[in-house]
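Worksheet: the structure to be examined is printed underneath.
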Amino acid sequence: MSNTPEVHPSASDPERRRFLCVLAETLDKLYRVDRLLSRQRTFLGTVSAEDSVSGVDALADFLDRHREELVAGSDAIVRFLRGKTSTEAERVGRVDALVDFLDKHREGFLAGSDAIVRFLQSRASNEAEGVSGVDALVDFLDKHREEFLASSDAIVRFLQGKTSNKEERDGIFATLHVLVARVLQVHELLLLIPREAALPQASFVLRDCFAATYPGASIVLTNFYSAYEYRFEDILKKINIEQEERGRLKQLKQGGDVLCQAFADRDNALAWAVLAHEYGHTLDEGARISERIVFGDERPKLSADHKSDWLVSVVAETVADFIAARVLGPASLMPILFLEMMQPQLKPPDKSSAGHPPTPLRVQLVREYLRDFGVVTADFEKDFQAYEYDYKWKVARMKKEEQETLNQLASSAGQVLVKNAPEIAAKVNGLRLRGFDKQNATNAREEAKVLHKTAKWGQPISSRRVRSDKKIFKALRSLKSGVTKRERAYEVIAAFDEMPVPSSEILTAGWLYKFSSFEAELMKTFPGAGRKADLEVYSEYVERTDRRLLKSLELAAVHAELRNRTD
Amino acid sequence: MLLSDIDIAKRLVDPEPDRKLFITPIISAAQQFGPSSLDVHLSTDFQRLENINVPYLKFNQRPDEDEEKAYTERIILPARGKFYLHPGEFVLASTLEYFKFPDDLAGRIEGRSSWGRRGLLVHATAGFVDPGFAGVLTFELSNAGRLPIELTPGLRIGQVCFFQLETRCLVPYYAKRGAKYFGATTLEVSKAGFDPEAYAASSSDQTNP
């Protein structure tokens with residue numbers, strides 16, 4: 001198959017869908033980053049910089065002892081954000097110190113640090129104007145928002161299917177990608193203001209998906225630069241903590257896992273599907289699934305070579321993908337695809353660090369795995385095709401040698417994973433997780449319809465009745481005040497009891513609703529006919545959807561808890 | 001006319017969409033239905049009014065994020081979390097249940113006797129629900145007793161009764177100009193500052209100091 005997608009004179013379906021997905025996700029992220037900055041501004045306005053840093057249980061004491069180091073970092077951040085950094089040397093020095101500090105905690109933090117340093121240095125000239133850091137970020141986003149809106153006529157033409165010229169379409173996409181890049185850049189910068197707390201609903205989702213099988217597992221949820229999972233103990237070992245403290249950390253053995261969620265997605269329940277993947281790594285590590293698949297039951301005494309590392313890594317990603325898909329269904333893939341579509345290009349492949357199998361292969365394996373449970377992914381087909389189009393489009397723009405490396409890696413990963421997929425599936429199934437099945441998929445489709453029908457007044461989708469309203473109404477009409485016996489009245493009334501809907505259905509319904517509604521919302525946002533584009537329209541839609549899904553997850557969790565208590 | 005249990009039940013499954021009363025979730029109908037009311041549960045979120053950062057509540061206090069943060073503290077509990085309401089303390093909370101009232105039904109939220117005997121008041125003054133309202137109902141909780149009261153999400157601390165209007169209203173809540181709390185999925189702080197008279201008074205304050 002050629003890597004170059006077919007080009008139609010007018011936008012093909014996948015091309016158009018890809019554009020809609022990227023535009024929708026950009027406006028979504030833009031709104032979220034705006035909100036985050038607004039909260040940060042409030043924080044800076046009301047909280048003193050001298051406030052101590054709070055931690056979680058056992059972590060609190062540890063943090064106390066290292067307060068000096070942390071406060072040194074946070075002072076610099078606070079000063080920077082308030083535009084009070086006095087000299088360039090200090091600014092750069094502080095940023096370097098901060099980057100070093102973060103580096104100690106997690107190598108992955110460094111992923112965006114170059115961009116952060118560059119950006120921070122370029123903002124430094126604004127200090128004289130007394131603009132605070134948050135305001136500078138807001139201004140930066142506003143400027144790019146305005147520039148983007150200048151192209152809204154072209155976007156309207158595209159949305160209405162009136163763009164016939166390929167150059168014009170490429171131009172629109174390039175404009176969109178400039179905005180995407182800026183939004184992602186600001187998102188990276190949010191690393192410097194880590195004061196957001198994960199919402200309890202995120203924990204409800206994980207509890208609902210995993211706690212029945214793993215009630216003892218304890219997870220620290222946090223919002224950070226990006227989504228990933230790590231072991232708390234590893235981090236503490238890395239930063240050379242005292243022997244005495246290490247002893248105390250034994251209590252964390254059961255639950256030293258930290259799952260991170262991107263800052264911007266704090267309120268975005270749909271993106272939390274990623275947490276199930278990260279949790280999958282935790283389970284994999286505990287059950288040593290990927291290691292056993294690669295090495296058998298004999299664990300190598302010394303660390304394995306690069307090839308083995310790579311093998312374990314790609315198998316581990318697939319195990320985590322299968323675990324996430326088992327509990328959440330196809331929704332588990334969607335945040336990954338959307339995030340990748342937002343990136344202007346693919347990361348150049350690197351043999352030494354290619355831990356993740358190529359995403360199209362991950363999609364294929366997950367879809368095949370889900371088919372075993374009767375879960376058909378037809379509802380997501382258009383968006384899978386859009387992703388495929390996007391991937392090919394980006395591969396076609398890579399250098400020849402990068403394309404070859406990518407193909408080689410894809411082929412090696414393909415051979416390993418296709419061969420091992422049945423074993424991975426069997427081992428994941430052996431974890432006895434509450435699985436997403438055909439019935440859940442059907443229910444989610446119905447719940448998505450409810451989200452549509454009740455969009456105006458915001459009904460949550462947290463529970464459902466077993467009997468239809470029609471049957472209950474009929475039974476009620478047979479009751480007579482003063483005549484019907486108490487037991488019969490209670491029998492009929494009991495039909496009103498609702499069953500809580502699992503989180504997996506709520507998230508799947510949320511994605512289905514998004515896929516079937518975002519195009520209409522984009523049309524309203526970019527109305528055309530001489531009317532100005534209004535991004536507020538899309539923001540309101542995102543906020544409305546967030547609130548309904550968060551409420552649904554909250555209701556379902558409390559409902560399930562009450563049933564457990566009374567049962 | 002106050003609806004009886006059977007009337008409430010019929011409204012919940014009424015085949016006429018215009019007459020249907022929507023309430024979700026109904027967790028245990030047998031426990032929740034009273035002779036002329038339906039019990040409602042406490043949700044997970046609370047908002048406590050703080051007196052540290054603002055000297056008083058201005059009549060035109062608007063709940064934008066900066067101001068809201070300055071005079072309130074938001075607390076979201078886990079499903080098994082606890083909240084201790086101290087004597088004399090006032091907090092906002094909400095029902096777990098989400099409602100949609102038809103255009104010909106009004107409602108009133110009231111406390112339950114068992115909790116009232118512990119000193120728990122569920123609303124300060126605004127227990128009335130307009131026809132056409134959709135959203136969660138707000139509890140204005142206060143402790144009139146002398147001991148702190150332990151609360152947890154899912155407790156049945158209130159009940160709602162329903163009144164049928166003699167005629168359908170002309171402008172239901174969802175269509176009312178300036179309706180501020182329609183479709184709320186979580187508790188919301190006061191939006192009195194958006195009332196035109198409050199806004200007008202603050203404008204005249206600025207021009208005539």
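On a predicted model such as this, the values are computed, not experimentally measured, just so you know. Letters A, B, ... mirror the listed sequences (proteins, then strands); counts begin at 1.
- When the candidates B/P78, B/P25, B/S28 are compared by the number of heavy-atom contacts under 4.5 Å with chain A, B/P25 comes out ahead.
- When heavy atoms are compared at a cutoff of 4.5 Å, B/I8 does not approach chain A at all.
- Contact annotation for residues 466-475 of chain A against chain B (heavy-atom separation below 4.5 Å, listed by residue number): A/D469, A/I472, A/F473.
- Between the side chains of B/E89 and B/N143, not a single donor N or O lies within less than 3.5 Å of an accepting N or O.
- By the 4.5 Å heavy-atom criterion applied to side chains, B/I26 and A/R465 are counted as neighbours.
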### Query
Can A/L549 and A/K551 be said to form a side-chain contact (heavy atoms from CB on, under 4.5 Å), step by step?
CA-CA 5 Å; A/L549 294 176; A/K551 184 66 184 174; over 6 Å; no
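- Relative ring orientation between B/F182 and B/Y173 is described as tilted, the plane-to-plane angle lying within the 30° to 60° band.
- Separation of atoms CD (B/E97) and NE2 (A/H559) is listed at 9.5 Å; rounding is to 0.5 Å.
- Residue B/T95 touches chain A through its backbone alone, counting heavy-atom pairs closer than 4.5 Å.
- Looking at B/S43 and A/E554, their side chains do bring a donor and an acceptor atom within 3.5 Å of each other.
- A search for ring-ring contact (aromatic ring centres under 6.0 Å, His included) contacts involving B/F46 returns B/F83, not counting sequence neighbours.
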Output a table of donor-acceptor pairs, distance under 3.5 Å, between side-chain atoms of residues 157-167 of chain B and any protein atom two or more places apart or on a different chain; print 'none' if there are none.
{"residue": "B/Q159", "atom": "OE1", "partner": "B/S37", "partner atom": "OG", "Å": "2.8"}
{"residue": "B/Q159", "atom": "NE2", "partner": "B/G111", "partner atom": "O", "Å": "2.9"}

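- The closest side-chain donor-acceptor pair between B/T186 and B/R74 falls under 3.5 angstrom.
- Comparing A/R207, A/E498, A/Q201 by how many heavy-atom pairs each has under 4.5 Å with chain B, the most go to A/E498.
- For the atom pair CG (A/D208) and CZ (A/R434), the distance works out to 4.5 Å, reported to the nearest 0.5 Å.
- Looking at A/S481, only its side chain comes within 4.5 Å of chain B, counting heavy atoms on both sides.
- For the ring-ring contact (aromatic ring centres under 6.0 Å, His included) test, residues two or more places apart in sequence or in another chain that qualify with A/Y513 are A/H452.
- B/F99 does not touch chain A: none of its heavy atoms, backbone or side chain, sits under 4.5 Å away.
- For A/Y490, the part lying near chain B is the side chain, with the backbone staying farther off; criterion is any non-hydrogen pair under 4.5 Å.
- No other option in A/R548, A/Q459, A/R544 has as many heavy-atom pairs under 4.5 Å with chain B as A/Q459.
- Only the side chain of B/I6 comes within contact range of chain A, judged by heavy atoms closer than 4.5 Å.
- Checked by atom type, the side-chain pair A/S462/B/T24 shows no donor-acceptor distance below 3.5 Å.
- If you measure heavy-atom distances from B/A79 to chain A, the contacts under 4.5 Å come from both the backbone and the side chain.
- Contacts with chain A were tallied for B/D5, B/D45, B/I76; B/I76 has the most, counting heavy-atom pairs under 4.5 Å.
- Residue A/R464 does not touch chain B at all, counting heavy-atom pairs closer than 4.5 Å.
- Residue with the most contacts toward chain B among A/D497, A/L550, A/L479: A/D497 (heavy-atom pairs, distance under 4.5 Å).
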